[in-house]
**Student:** 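The structure under discussion is supplied below as structure tokens; questions concerning it will follow.
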There are 2 protein chains.
Amino acid sequence: MAGVSLGSRPTVKDVAAAAGVSATTVSRVLAGNYPVSASTRKRVLRAVQDLDYVINAQARALVGGTTRTVAFIIRDLVGPLFAYIGQGVEQQATAEGRVCLVCTHHGDADRELELIELMREQQAEAVVLVGGGLRTPEHLERMAQIARSLERVGSRLVLCGRPPIGPDVPATVVEYDNEGGAFAVTNYLLSLGHRRIAFIGAAEPEHTTTSARFDGFTRAHAAHGLTVDPSLVAGGTFDRESGYRQTKALLTRDTGMTAVVGITDIVASGVLAALHEAGLRVPEDISVAGYDDIPMSADLNPPLTTVHIPHEELGRSAVRLALHRDDYAQDQHLMLGTHVVIRKSTAPPRER
Amino acid sequence: MAGVSLGSRPTVKDVAAAAGVSATTVSRVLAGNYPVSASTRKRVLRAVQDLDYVINAQARALVGGTTRTVAFIIRDLVGPLFAYIGQGVEQQATAEGRVCLVCTHHGDADRELELIELMREQQAEAVVLVGGGLRTPEHLERMAQIARSLERVGSRLVLCGRPPIGPDVPATVVEYDNEGGAFAVTNYLLSLGHRRIAFIGAAEPEHTTTSARFDGFTRAHAAHGLTVDPSLVAGGTFDRESGYRQTKALLTRDTGMTAVVGITDIVASGVLAALHEAGLRVPEDISVAGYDDIPMSADLNPPLTTVHIPHEELGRSAVRLALHRDDYAQDQHLMLGTHVVIRKSTAPPRER
DNA sequence: GGCAGCATAGTTAACGTTTTCTACACGGAG
DNA sequence: CTCCGTGTAGAAAACGTTAACTATGCTGCC
């Protein structure tokens, strides 16, 4: 490692000078896309090593037109949903030779816009938005605008776990079957014999995740010739505390419920806590199901019956589709399946 | 939004032409670092809006010399340790106006090297390495070389949760008191009256995390005038399965143990599972403690006594120190405190 | 022996910014 | 009336790389 000078980064020119060749030749040796004589190549590689040279990604992107960067915008880094989707995105990005930018907006819509703008500056090849969103006309219109904005600079908007924006909006969409999963798990409870099933966490009808899951819940009832009793439907948010509080509230009334579906596993864990506190046994006295199949679900007491989402596959597909949109031109909308995972928190209802 | 053409990204020149000024003037309006008449400014801003122009971050970095990017290299995105440290890194990076690159190496040392090389190309201002590492001479030498390599291109190596490499190695180090935490939790168990305490997960004596925690365990015994019984020390890895298996193995022998310290909370959750399976009650029959205070610990059955690590603060400090190393020139080594969190998995031992 | 054709290397311009230097006009002071 | 400072604007060079040309020296063929 002789000749390494501290302070300023060596450039192609420095390498060229050290090897006694031109900058072009250095570039060619490194890219390997042009014939170079063995002896020259050797000298260049030697100089690269001596100077500890690495290419300047910015300069390369400037001339090459592509940054080999995928951006990943999400609400929060904590929370179990992120990890696996993020892992999928990162893995696929890496597999495709891209690096991965990650940003969080903590639920702040303005901040999300800022981030997208930032990614437009960064020329990210794909901008992956994770998680459900609102479905109001204004929000949809704004998303459509963003999609077009990104397209204009060569980026691709990718929606991960959220339904498409509109037919003529340039975006890649990878979602999973929210409604089907809710249908399946509710159907399972109904098949066990439950007839009074509570649904916890349906406050925002405009939120795509909320509404789809509630729709599945409703459809399963319909399929059994039943209608949902509104007094068994509780609102709330997506956290454990909410599940806990809503359950407490339901227990004070004499609802006759024999099962509870939490809108997420996190909510369901709050449900379990409230039931335990009330001295009810799960599943002997009451069954509980969740949604998401986060790792923790298997460790709850009892292990939670829930709906599995292919988190990682979601992230991988998102990146894969977006980067190969020439090949997959037809089909920039993917719907992944979900399935029920039966554990110990569900059982037939007690005899009356 | 008139005049927006699809396909190719507008440049300063386009904006300049649209506004009837020079590129220089556009740059000045956007940067706001030079007097520009009000009318010109207005025209330029108007053109920027019309063309939906955003700056090209690569080009700016090329001339400006700085990318405003922080890189974040970690073993895995899944696993509870990542989330909070990552959140800290991301938050601080955002607060300092930087964007955040994230890469995983899945424990592959060569891959880690590749990633660092990649970040050198990207000119990340700081390269944060998270998690413990080996402490062999070769590994240390390699890290030292990497640190100098990064320094040469203007990047800063940041070690997060790992002790310093050496005195004259240009790196920022933010660690937490692994040994002290292990001392404290062991001391707590000893104070409760336990005398036969098992330690699970100490297989790699060269791994910094492993050795520091085991050292604390040993020192606590010494402080009580005791020595550690080697038959109570089990090796293994950092996963749940390992805790489960090692505990099973210990239970087959008649060790007389009354408490178990898991090297991580994950390991401890495996310990709990094995104990439950053996029909032992926690903490009545045997006490269990973990390390890390991951969120799940509070939801285990019973809630786990453990050692709290300031995860998020770790990440924040790492970025803060690295980006302001002129101001903090003195002190590029920070040691954060840990403390015991007492929950329900520990109690005095039963009377014999 | 001259010349086509190939293998190898170099020159130059371009990518989209910012920065430094230069230019121009205007107003006031001497 | 000239000269200088000030406020505003533009021209040109630079950042580090690549790609499109251009140039050179061979080899081999007629």
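All chains are named by letter (A, B, ...) in the order of the sequence lines, taking the proteins before the strands, and each is independently numbered beginning at 1. In what follows, every heavy atom counts, from backbone to side chain, and hydrogens, waters and symmetry copies are set aside.
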**Student:** Could you tell me the separation between the CZ atom of B/Arg28 and the P atom of D/dG7, rounded to a whole number of Å?
**Tutor:**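 To the nearest whole Å, that distance equals 14 Å.
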**Student:** Okay, side chain of A/Ser155, backbone of A/Arg120: is any donor-acceptor separation there less than 3.5 Å?
**Tutor:**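 Side chain of A/Ser155 to backbone of A/Arg120: no pair is present.
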**Student:** In residues 14-27 of chain A, which ones come under 4.0 Å of DNA chain D, going by heavy atoms?
**Tutor:**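 Within this stretch, A/Thr24, A/Ser27 sit under 4.0 Å of the strand.
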**Student:** Just list the side-chain donor-acceptor pairs under 3.5 Å for residues 25-36 of chain A, sequence neighbours left out, or say none.
**Tutor:**
residue	atom	partner	partner atom	Å
A/Thr25	OG1	A/Ser22	OG	3.2

**Student:** Got a donor-acceptor contact below 3.5 angstrom from the B/Arg43 side chain to the B/Ala18 backbone?
**Tutor:**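 Pair absent, no side-chain N/O of B/Arg43 close to backbone of B/Ala18.
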**Student:** Hey, does A/Ile165 have a side-chain heavy atom less than 4.5 Å from the side chain of A/Leu157?
**Tutor:**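 With C-beta onward as the side chain, the pair touches.
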**Student:** Short of 4.0 Å, heavy atom to strand atom, which residues of residues 35-46 of chain A count as contacting DNA chain C?
**Tutor:**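 Output list: A/Pro35, A/Val36, A/Ser37, A/Thr40.
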**Student:** Rounded to whole angstrom units, what separation is found between the CG atom of B/Leu62 and the C1' atom of D/dT18?
**Tutor:**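 Distance, rounded to whole Å: 13 Å.
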**Student:** Give the rounded distance in Å between these two atoms: CZ of A/Arg68 and P of D/dT17.
**Tutor:**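 From A/Arg68 CZ to D/dT17 P: 17 Å.
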**Student:** I need the CG-P distance between B/Asn33 and D/dT8, as an integer number of Å.
**Tutor:**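 Going from B/Asn33 (CG) to D/dT8 (P), I get 14 Å.
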**Student:** Can you tell me which residue pairs pass the side-chain hydrogen bond (donor to acceptor under 3.5 Å, both in side chains) test with a partner in residues 101-113 of chain A, sequence neighbours excluded?
**Tutor:**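 Listed once each, the pairs are A/Asp76-A/His106, A/Thr104-A/His106, A/Thr104-B/Glu90, A/Arg111-A/Glu114.
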**Student:** Quick one: list whatever passes side chain to side chain donor-acceptor pair (under 3.5 Å) with B/Arg316, sequence neighbours left out.
**Tutor:**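 Partners of B/Arg316 under the side chain to side chain donor-acceptor pair (under 3.5 Å) test: B/Gln91, B/Gln92.
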**Student:** Where the side chain of B/Arg68 meets the backbone of B/Glu125, is there a donor-acceptor pair that is under 3.5 Å apart?
**Tutor:**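 Not confirmed, B/Arg68 side chain does not pair with B/Glu125 backbone.
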**Student:** Picking from A/Leu321, A/Val173, A/Val174, what satisfies side-chain contact (heavy atoms from CB on, under 4.5 Å) with A/Gln332?
**Tutor:**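 That would be A/Leu321.
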**Student:** Under a criterion of less than 4.0 angstrom to any heavy atom of chain B, what are the 5'-terminal and 3'-terminal contacting nucleotides of DNA chain C?
**Tutor:**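 That gives a stretch of C/dG16 to C/dT20.
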**Student:** I'd like to check the salt bridge (charged side-chain N to carboxylate O under 4.0 Å, His left out) partners of A/Glu96; sequence neighbours left out, ordered by chain and number.
**Tutor:**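 With sequence neighbours excluded, A/Glu96 shows a salt bridge (charged side-chain N to carboxylate O under 4.0 Å, His left out) to no residue whatsoever.
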**Student:** Return the set of residues passing side chain to side chain donor-acceptor pair (under 3.5 Å) with A/Thr208 (not counting sequence neighbours), or none when no residue passes.
**Tutor:**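 Per chain and number, A/Thr208 pairs via side chain to side chain donor-acceptor pair (under 3.5 Å) with no residue.
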**Student:** Who are the side chain to side chain donor-acceptor pair (under 3.5 Å) partners of B/Arg320, not counting sequence neighbours?
**Tutor:**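 Counting only residues at least two positions away or on another chain, B/Arg320 forms a side chain to side chain donor-acceptor pair (under 3.5 Å) with B/Ser317, B/Tyr328.
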**Student:** Can you pull out every ring-ring contact (aromatic ring centres under 6.0 Å, His included) where at least one residue sits in residues 47-73 of chain B? Sequence neighbours excluded, please.
**Tutor:**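 Applying ring-ring contact (aromatic ring centres under 6.0 Å, His included) to every pair that reaches into residues 47-73 of chain B, excluding sequence neighbours, yields B/Phe72-B/Phe82.
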**Student:** Rounded to whole angstroms, how far apart are OH on A/Tyr34 and P on D/dA20?
**Tutor:**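 After rounding, the reported distance stands at 11 Å.
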**Student:** Checking B/Arg148 now: which residues fulfil salt bridge (charged side-chain N to carboxylate O under 4.0 Å, His left out) with it, not counting sequence neighbours?
**Tutor:**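 Checked B/Arg148 against salt bridge (charged side-chain N to carboxylate O under 4.0 Å, His left out); zero matches.
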**Student:** Report the end-to-end axis angle of the helix from C/dG1-D/dC30 to C/dG30-D/dC1; each axis comes from five terminal pairs, and the value is rounded to 10°.
**Tutor:**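 The two end axes of the helix from C/dG1-D/dC30 to C/dG30-D/dC1 meet at 70°.
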**Student:** Please report, rounded to the nearest Å, how far the P atom of D/dT17 is from the CG atom of A/Leu30.
**Tutor:**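 Rounded to the whole Å, the gap is 9 Å.
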**Student:** Roughly how many Å is it from CD in B/Glu121 to C1' in D/dG16, rounded to a whole number?
**Tutor:**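 Between C1' of D/dG16 and CD of B/Glu121: 13 Å.
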